[in-house]
Trainee: 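Next up is a structure, given as structure tokens.
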Amino acid sequence: MSNTEMPKAYESKLYEDEIYAAWEKSGFFNPDNLVGEPYSIMMPPPNVTGVLHLGHALENALMDAMARYQRLNGKKVLLVPGTDHAALPTQAKVEKMLMEGGMKNPRQELGREKLVEKIREFAESSRATILGQVKKMGTSCDWSRLAYTFDAPRNIAVNELFRQMYNDGLIYRGYRVVNWSTKGQSTCSDDEIEYIERASVLYTFKYSKDFPITIATTRPETKLGDTAVAVHPGDERYQKYIGQIFTVDVGAEKPLEIKVIADEGVDPTFGTGALGVTPAHSPVDFLMYEKQKASGNPIGLIQVIGVDGHMTKEAGSYAGLTVEDARAKFVGWLSEQGLLEKEPEEIVQNVGTSDRFKDVIESLPMTQWWLDVQKIIPSKGKSLKDLMAEALTTGLNGNTEQKVTITPERFTKLYLHRVENLRDWCLSRQTWWGHRIPVWYRGKETFVGNGTPEGEGWEQDPDTLDTWFSSGSWTFSTLGWPEQTVDLKSFHPTNWMQMGYEILYLWLMRMVLMSTYALGEIPFKDAYIHGMLRNEAGKKFSKSDANGIDPLDIIEKYGCDALRLCVLSGNTPGNDSRFSAEKIESSRNFVNKMWNVSRFILMSIGSDVLPPSQGGGEGVVAPATVADHWILGRLETVTNQTGKLIEQFDFSLAIETLREFIWNDFADWYLEIAKIQQKDETLRTSTNEILLYVLKQSLVLCHPFMPFVTEAIWKEFGTGSFVMVSTWPKVTGLFDESSEKQLVALQELIIAIRNVRSQNKIEPKKLMDVVFVVNNASREFIESNREVISALARVNSDFALVEKYEAATTDVSVVRKDVSVFVKMETVVDPVKEKARIEKEVIELTTYLVSVAQKLSNEEFRSKAPEKIIMSMEEKQREAQAKLDALRKS
RNA sequence: GGGCGGCUAGCUCAGCUGGUUAGAGCACUUGCAUGACAUGCAAGGGGUCAGAGGUUCAAAUCCUCUGCCGCCCACCA
């Protein structure tokens, strides 16, 4: 074997690209080349607004760990890669860049076609970068099924979905108050509003001297469009005015006709108990307007703010002013007229801002496309809201197979609460990048469907669809829907989805909505919600890349495996975690440890056992020593634990379990013991076989988390196969409790002797002389481990085993429960110090024994605690007592 | 105004369907260039589990309250 060529340290750069290329070429990323039960994961498509950051590294690590684990367990795994065109956000981003480059108004200057072309160029370049990054992260996705939310197949799915929802009467065109971004010149949905706290001024005033009711507002300029004052129906103060109309002149185009109306929603105890109603510029007021209309007691609607953020001609003397200027002017007028009832009051207020354009959202009345979430779907007898709730509670139609489980569970409550309060979804955007609304108009005719209708004179709606409309269909549009493809049948519902909690409402909910509506299926069975990755100081990695870290830089420096381990360790469901230099180094070191363990094994087994290329390490192993039994038992325990942990989505603990096993058990103990066993002719072959066996299994166990290094080592075996498509270890019944106990005892003994050396500053090179005091039970145990003890504790191997021993003044004692060791010093041991050391131990033991005795003598404990607990406590008591007795004797 | 999460070793975090003398990584102390690895080895030090009550034979773990820190939601004019 040529394994001596393995370099001392694992250099990730030498392997990763080559290995990824080999995996790709092997075809095993494509489930068509695998057998077994289908298992599918859809990659949350990164937005082409930018390139990938560390958060995406976490997502890729999560998805790929799961995909690889499932593949090793014989599943036919599909992991679909893709990107999201991110309609409005991408346009916002490109416009911002163009404006930074000197353009004043990109839409005006370039026009629709040219601007869309610019955005497409940007998107394509981001897309290419992103896909390259995904490969660098080692993600085992099927590139033959690569999808993009804006490609032709996805466009068909979007149009078809729209058509069906329209035909079901769920999608409608309606005039109502929308969220309007003046800067973005577009609507946005309720979910795209970010509320920020800011200082504001509350003005309390009357419309005119003889108006009987005082009202308050932080937006005086909108009052130019007031058409009513609402009071609580039971409010005695205002009872007599209800139904009356007052005409006031506040300087708008026409004098305002203010009707006093009653509405249950008004809180009579708050403020003046009266509310100025501005139907055109407040969603709540608009509802009152509709309610009044429905009750046959209509009030007016006057739009005083335009789409450009300036006052309209309805605002009369205020027309053309910005809202800020209009506000100042109106407040000035109120003050002059003596209409302000109180000094203006400074308050803190939440205002909605556009999450993309960052400006304050105006409420304006407009005709837009909406998705009705309340309406009963004819074929289903339920509303979209009902479907969305069912999917998380009882399962669709009570079918528990069609139920989404969210980890951690607490997000389920959030989701359901949100669903309950869901309002109709505004689908149309006035930006240009994205799926065009699939609706055509000709005079009074409307056509909804896929592609331009036949005949002359049709014009397509100029608006585009909310980007989440296409991402909502991701789990099935990627599988060929609306065609009833084989993929769709095999892989939907998908098995697992992971995402950050920040898109729970935006995305998870919409996937459930779309999938339950279109397919009558949940989009995925399990949703794993991860937290955000923060920097060392606990700050968010901002999207503007100011303190962002490029995952490629990390990969370049530390390797992909280290990055993956790093982002997964310490990351628990739903909780944020931090990324730091120290953490990545620690992960890199573990990768290197794996490498060196393998390096040692491949170098030392020589020709004694069959080389791996001829099946070495595959067959039956023959444990000969306690250590052999122990390590095989540990491997089995760890195999069980790791599998269970991954299936519970507890990736961090799985990694910790593996690290502990490989580093502490396998490398620090078994390898050291194996070096001794290798020198023994009768043990050499079996030891080497076990080394190779445990190594191979460990590589498989670690592969989901560190795919590259495990594959690189596997390659050294020269089998020509991939660890990626090997088999997750099976439980073989090699666990042996007594070996486990014995080895732990051996470890404790060796550590104790090493401790004597350290405490007494005896140089490591010197072999110490010791005497073992044993009883019948422990004699055999020590004798059979003579060589191991000698080598690992560094004592002369010809030590005596006696039953009684009179300690000399040059001896230091080590006491275990049924073995004592006397270590011979060259000089007289300081009797005071030695006594103190023993005293300390005696005190610790005594204290412990007292507490145990207290518990055990407690009647209630004895009668109520389970048998198992009592027995284990009694066992511990015996052990501690034995040790204490031995200590006292010495 | 509602709701949620966090508070465990110097730092970052596990553990929390109650039951070993509370763990890991990093940092720290003391030794080691021990033929796999100094990206390492060995031996250590370090915590009244935010505080106060309660339930229980038993609480970091369950309940109540309080205090900080963070997040989400909400039409209080």
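Reminder, nothing fancy here: chain letters follow the sequence lines and each chain counts from 1. Worth knowing before you read on, the calculation uses all heavy atoms, side chains too, and leaves out hydrogens, waters and symmetry mates.
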Trainee: Ring-on-base stacking between Y848(A) and U21(B), under 5.5 Å between centres and under 30° between planes: is it there?
Mentor: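 Yes, Y848(A) stacks on the base of U21(B), since the ring centres sit under 5.5 Å apart and the planes are within 30°.
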Trainee: Enter the distance from R794(A):CZ to I789(A):CD1 here, rounded to the nearest 0.5 Å.
Mentor: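 One finds 15.0 Å between CZ of R794(A) and CD1 of I789(A).
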Trainee: Indicate yes or no: does E362(A) engage R219(A) in a salt bridge with an N to O separation below 4.0 Å.
Mentor: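 Salt bridge flag = yes for R219(A) with E362(A).
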Trainee: Need one value for K675(A): base, sugar-phosphate or nothing, where a base atom within 4.0 Å counts as base even if backbone is also close, heavy atoms only.
Mentor: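 Result for K675(A) = base.
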Trainee: Let me know, please, whether A865(A) or K583(A) comes out on the 5' side of the other along RNA chain B by nearest nucleotide.
Mentor: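 Its nucleotide being nearer the 5' end, the pick is K583(A).
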Trainee: Take the protein atom CD1 of I751(A) and the nucleotide atom P of C41(B), then report the distance between them rounded to whole Å.
Mentor: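 Taking CD1 of I751(A) and P of C41(B), I get 14 Å after rounding.
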Trainee: Just N and O in the side chain of N575(A): are any of them under 4.0 Å from OP1 or OP2 of A14(B)?
Mentor: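 Looking at the OP1 and OP2 atoms of A14(B), one of them is under 4.0 Å from a side-chain N or O of N575(A).
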Trainee: What class does the angle between the rings of Y10(A) and Y15(A) fall in, given that below 30° is parallel, 30 to 60° is tilted and above 60° is perpendicular?
Mentor: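 Taking Y15(A) first and then Y10(A), their aromatic rings lie parallel (interplane angle under 30°).
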Trainee: Please report whether the ring centroid of Y528(A) lies less than 6.0 Å from that of F651(A).
Mentor: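 They qualify: ring centres under 6.0 Å apart.
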Trainee: Is the phosphate of G31(B) approached by K765(A) (side-chain N or O, under 4.0 Å from OP1 or OP2)?
Mentor: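 No, outside the criterion.
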Trainee: Let's test this: given Watson-Crick or G-U wobble pairing with both distances under 3.5 Å, identify the partner of G31(B).
Mentor: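 With both distances under 3.5 Å, G31(B) matches C41(B).
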Trainee: Think R588(A) has a side-chain N or O under 4.0 angstrom from the OP1 or OP2 of U39(B)?
Mentor: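 Checking R588(A) against U39(B): no side-chain N or O falls below 4.0 Å of OP1 or OP2.
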Trainee: Measuring to OP1 and OP2 of A77(B), would you say a side-chain N or O of T217(A) lies under 4.0 angstrom away?
Mentor: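 Looking at the OP1 and OP2 atoms of A77(B), neither is under 4.0 Å from any side-chain N or O of T217(A).
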Trainee: Could you go through the salt bridge (charged side-chain N to carboxylate O under 4.0 Å, His left out) check for E672(A) and K675(A) one step at a time?
Mentor: CA-CA 5 Å; E672(A) 293 308 320; K675(A) 285 177 188 172; 3.1 Å; yes
Trainee: Please work out if D267(A) contacts a base, only the sugar-phosphate, or nothing of the nucleic acid, heavy-atom cut-off 4.0 Å.
Mentor: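 Counting heavy atoms under 4.0 Å across all strands, the contact made by D267(A) includes a base.
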Trainee: Please give the nucleotide sitting opposite G67(B) as a Watson-Crick or G-U wobble pair, both distances under 3.5 Å, or none.
Mentor: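 Looking at the geometry, G67(B) pairs with C7(B).
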Trainee: Taking atom types as they are modelled, is there a donor-acceptor pair under 3.5 Å from the base of A58(B) to the side chain of Q854(A)?
Mentor: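 Side chain to base: no pair present.
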Trainee: Taking OP1 and OP2 of C41(B), is either one under 4.0 Å from a side-chain nitrogen or oxygen of W663(A)?
Mentor: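 Yes, W663(A) has a side-chain N/O under 4.0 Å of OP1/OP2 on C41(B).
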Trainee: Looking only at N and O atoms, is any donor in the side chain of K8(A) or the base of A38(B) less than 3.5 Å from an acceptor on the other one?
Mentor: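 Checked by distance alone, the answer is no.
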Trainee: Considering only atom C1', compute the distance from G15(B) to U20(B) and round it to an integer number of Å.
Mentor: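 Between the two C1' atoms, the distance is 14 Å.
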